[in-house]
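Okay, structure first, notes after.
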Amino acid sequence: MKSHHIHNVLLTSEQIQQRVHTLIDEIAQDCEAENLVMLGILRGSFIFLADLVRGFSQHNLHPRVDFIILSSYGAGTESSGTVRITHDTNEDLTGADVVIVDDILDSGRTLSFAKELFLKRGARSVRTCVLLDKKTNRAVDMDADYAGFPVGDVFVVGYGLDYDNRYRELPYIATVTFLEE
Ligand code: IMP
Ligand code: MG
């Protein structure tokens, strides 16, 4: 791991919670309660998805919940764009209204792969929901239906997002500054 500082707080816990509640309302307005499936992409989505679904009961939404793990492979830090399923869901998605949940939309490859996959499996609709949107980094044409906050081209951790699988536990989002060796 490179030496680094967890630098300034970009989004406080309170800001995140407020926005999550408006996202819950938006999703509840759009989605049919009948056959809703919330599919989180591990590991980054676990806290965000947990907060989202806890707000659903007051909207009388009782979705099925599951997670998948996807890995992207490529040379160096710029992934070449091959996404692979490492852990799949067994949920029957025929006719389902799926909401894919991820921590951050970056190149767009992960979400666009997941969306196509679930549509091929017969989902009636597939929407995407991310906490953060790095709009300037897109490699493929992909937009989230629900996006919490836009972020610039910085590396962030907290609220599920990691650096080397650490700092996921932070209740806020902070930027990481890498120090010269
Ligand atoms: P992409 O949109 O396919 O490039 O993939 C997005 C994934 O890259 C996310 O699910 C994160 O795991 C990871 N990621 C991108 N930017 C960051 C960041 O700033 N901090 C932590 N993880 C990130
Ligand atoms: Mg991730």
Side-chain angles (χ1 to χ4, degrees), residues 1-13 15-16 19-20 23 27 37-53 65-89 98-121 123 126-179:
M1 220 194 300
K2 283 191 232 168
S3 359
H4 60 282
H5 273 317
I6 301 304
H7 204 50
N8 48 331
V9 175
L10 202 64
L11 298 164
T12 65
S13 172
Q15 286 175 304
I16 296 170
R19 183 66 181 117
V20 166
L23 288 172
I27 296 171
V37 183
M38 301 295 290
L39 280 176
I41 300 179
L42 287 176
R43 285 166 276 181
S45 71
F46 77 111
I47 293 178
F48 184 35
L49 179 60
D51 278 350
L52 286 173
V53 297
V65 177
D66 204 1
F67 293 92
I68 60 166
I69 305 179
L70 298 177
S71 322
S72 27
Y73 286 85
T77 49
E78 292 294 304
S79 116
S80 73
T82 316
V83 181
R84 205 177 65 126
I85 308 169
T86 309
H87 174 85
D88 207 343
T89 175
V98 173
V99 178
I100 306 168
V101 179
D102 205 357
D103 49 1
I104 186 166
L105 176 52
D106 188 18
S107 74
R109 289 189 181 105
T110 309
L111 273 193
S112 101
F113 175 89
K115 187 170 179 176
E116 258 176 62
L117 180 74
F118 300 143
L119 283 171
K120 265 188 243 158
R121 289 184 183 172
V126 178
R127 293 188 176 89
T128 52
C129 177
V130 294
L131 181 75
L132 304 175
D133 187 356
K134 270 189 194 174
K135 284 179 185 287
T136 52
N137 266 10
R138 261 347 162 265
V140 298
D141 185 21
M142 180 74 213
D143 254 324
D145 298 290
Y146 312 99
F149 302 93
V151 287
D153 192 11
V154 286
F155 196 81
V156 293
V157 292
Y159 198 72
L161 290 114
D162 71 302
Y163 171 49
D164 218 9
N165 202 20
R166 294 187 192 258
Y167 307 114
R168 297 187 193 275
E169 74 286 354
L170 300 175
Y172 48 83
I173 298 281
T175 51
V176 183
T177 308
F178 297 99
L179 308 171

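Note that ligands are numbered from 1 as they come in the structure, with each ligand's atoms numbered from 1 the same way. Basis for what follows: all heavy atoms, side chains included, without hydrogens, waters or symmetry-related copies.
Proximity of a side-chain donor or acceptor of T12 to a complementary backbone N or O of Q15 within less than 3.5 Å is detected. Put simply, the side chain of T128 gets close to the backbone of D145: a donor and an acceptor are under 3.5 Å apart.
Residues Y159 and D51 bring a donor and an acceptor atom of their side chains to less than 3.5 Å of each other. Side chain to side chain, N8 and T175 meet the donor-acceptor criterion of an N or O pair below 3.5 Å.
Considering backbone and side-chain atoms together, V156 places an N or O closer than 3.5 Å to an N or O of ligand 1. Polar contact check, G108 against ligand 1: a nitrogen or oxygen pair lies under 3.5 Å apart.
For V154, the heavy-atom gap to ligand 1 drops under 4.0 angstrom.
Close approach of ligand 1 to L161 is summarised as follows: ligand atoms under 4.0 Å from at least one heavy atom of the residue are 20 (N), 21 (C), 22 (N). Taking every non-hydrogen atom of S107 and a distance limit under 4.0 Å, the qualifying atoms of ligand 1 come out as 1 (P), 2 (O), 3 (O), 4 (O). Interface of K134 with ligand 1, defined as ligand atoms under 4.0 Å from a residue heavy atom, comprises 16 (N), 17 (C), 18 (C), 19 (O). Listed by atom number, the atoms of ligand 1 under 4.0 Å from D162 heavy atoms are 21 (C). Counting the atoms of ligand 1 from 1 in the order shown, those under 4.0 Å from a heavy atom of T110 are 1 (P), 3 (O), 5 (O). Every atom of ligand 1 with a heavy atom of D102 under 4.0 Å away is listed here by number and element: 10 (O).
The closest side-chain heavy-atom distance from I100 to I41 is below 4.5 Å. You'll find the side chain of E116 stays beyond 4.5 Å of the side chain of V126, heavy atoms only.
The aromatic rings of F178 and H4 lie tilted to each other, with the angle between the two planes from 30° to 60°.
Of all heavy-atom pairs between F149 and R19, the closest is CZ-CB, 3.3 Å.
To the nearest 0.5 Å, atom CG of residue D103 and atom CG of residue L161 are 4.0 Å apart.
Neither the backbone nor the side chain of N137 comes within 4.0 Å of ligand 1, counting heavy atoms alone. Residue V83 does not touch ligand 1, judged by heavy-atom distances below 4.0 Å. Contacts between I104 and ligand 1 below 4.0 angstrom, taking non-hydrogen atoms only, involve backbone and side chain alike. When heavy-atom distances to ligand 1 are checked against a 4.0 Å cut-off, M142 has no atom that comes that close, whether in backbone or side chain.
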